[in-house]
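First the structure, in the form of structure tokens, and then the observations on it.
As the structure lists them, so they are numbered: ligands from 1, and atoms in each ligand from 1. Numbers for residues simply follow the sequence, beginning at 1. In this text, all values refer to a predicted model and were calculated from it rather than measured experimentally. Values below: every heavy atom of this structure, side chains too, minus hydrogens, waters and symmetry copies.
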Amino acid sequence: MDELVHRENPSPNRDERTLSVSMVVLHYTGMQTGAEAEARLVDPAAKVSAHYLIHEDGEDVRLVPEEKRAWHAGRSYWRGISDVNSASIGIELVNPGHEWGYREFPEAQIEALIPLLHRIRQNWDIPRANVVGHSDVAPARKDDPGELFPWDLLARYNLALPVPKPSMRLLYDNPGAFYLALERFGYDIADGHAAVRAFQRRWRPGLIDGEIDGQIGGLLFELLLERDLGKAR
Ligand SMILES: [Zn+2]
């Protein structure tokens, strides 16, 4: 046991990784209570798990050791990786989610997440660009952790990429050019509208309509530029 983990509740829903760890995927539980969510994440019949579950009061429960493959991402894709579970550490944050009354993540919960994420990023040398939400890796299926997740706070702690401040709006020549750039950044563009919604949820949560516009064009251009300059680590 270590000081960042308050309790162990080992989940049988795990197997062996076939890739090395290079990402973190953040989730909300999307169930009415934390107790219900925890029970499901250790239920062999549910066949789902994560490495950590953080309750709203900040209690951090370890369900699966980081060396093992937990089952949190489902059918997912990020930057060429389609077995996201093999390449990632999954963290579930208790929150009823969009279905049961989506609400702000309490301070205590985020205060527990920050040092844990810091340690994970250091131990596995994970680039900030690979600290992502479930909706980023499964845009057509998932909305979590959602637009209330405090990405800006994580960015201030150097745990996620900050939202860039593009100097201009940018309309790509055509939607295909935008989608190709979106794919180059990491997103699965099989469902283009869903991919744009996921991008907006993460980078411009004020307007999530799935439509390409000059503002998100400018953001994407800036993100790719910063990554090419090596600023994404
Ligand atoms: Zn999720």
Side-chain angles (χ1 to χ4, degrees), residues 9 11-15 17 19 21-56 59-64 66 68-79 81-106 109-110 112-114 116-117 120 126 129-151 154 159-160 186-188 190-191 194-195 197-203 205 208:
N9 187 358
S11 173
N13 302 328
R14 65 175 80 177
D15 51 16
R17 293 184 183 278
L19 297 168
V21 176
S22 60
M23 318 171 45
V24 175
V25 181
L26 300 169
H27 303 259
Y28 66 48
T29 50
M31 297 185 76
Q32 281 172 296
T33 68
E36 224 183 318
E38 186 171 336
R40 180 171 153 81
L41 290 166
V42 299
D43 175 2
K47 293 191 163 53
V48 293
S49 62
H51 295 90
Y52 299 97
L53 171 70
I54 304 180
H55 286 276
E56 286 180 298
E59 187 189 28
D60 179 14
V61 185
R62 177 158 39 215
L63 309 171
V64 174
E66 291 180 13
K68 299 289 178 184
R69 178 177 179 272
W71 304 345
H72 54 96
R75 192 162 35 78
S76 298
Y77 173 90
W78 186 251
R79 284 190 81 180
I81 291 175
S82 48
D83 181 1
V84 169
N85 281 338
S86 262
S88 66
I89 288 176
I91 303 176
E92 287 276 0
L93 300 164
V94 170
N95 189 301
H98 294 90
E99 193 177 346
W100 300 106
Y102 189 41
R103 57 190 183 220
E104 297 273 350
F105 296 86
Q109 193 178 31
I110 300 302
L113 173 65
I114 284 171
L116 179 69
L117 203 47
I120 292 169
I126 295 171
N130 279 0
V131 177
V132 297
H134 200 186
S135 57
D136 293 313
V137 302
R141 299 188 302 117
K142 295 291 175 181
D143 293 335
D144 62 310
E147 60 283 357
L148 294 178
F149 185 76
W151 288 110
L154 261 59
L159 299 171
Y187 287 85
D188 175 4
D191 179 338
R197 285 179 63 88
F199 182 82
Q200 291 170 334
R201 201 180 292 285
R202 170 66 177 89
W203 301 102
I208 303 169

(request) Determine, for Trp151 and Arg202, whether the Lys NZ or Arg CZ falls below 6.0 Å from the six-membered ring centre while staying within 45 degrees of the axis. (result) yes

(message) Does His98 form a side chain to side chain contact (heavy atoms under 4.5 Å, CB included) with Glu147? I'd like the steps, not just the answer.
(response) CA-CA 10 Å; His98 294 90; Glu147 60 283 357; 3.0 Å; yes

(request) Check all N, O or S atoms of His27 and name the one closest to the Zn ion (ligand 1). (result) ND1

(request) Specify which N/O/S atom of Asp144 comes nearest to the Zn ion (ligand 1), by atom name. (result) OD2

(request) Could you tell me whether the Zn ion (ligand 1) has an N, O or S atom of His134 under 2.8 Å away? (result) yes

(message) For a distance under 2.8 Å, tell me if Glu92 has an N/O/S atom near the Zn ion (ligand 1).
(response)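 Short answer: no, not a single N, O or S atom is under the cut-off.
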
(request) Report yes if some heavy atom in the side chain of Val137 is under 4.5 Å from a heavy atom in the side chain of Asp188; otherwise report no. (result)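 Not touching, per the 4.5 Å side-chain cut-off.
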
(message) Show every salt bridge (charged side-chain N to carboxylate O under 4.0 Å, His left out) that has at least one partner inside residues 94-105, sequence neighbours left out.
(response) Glu56-Arg103

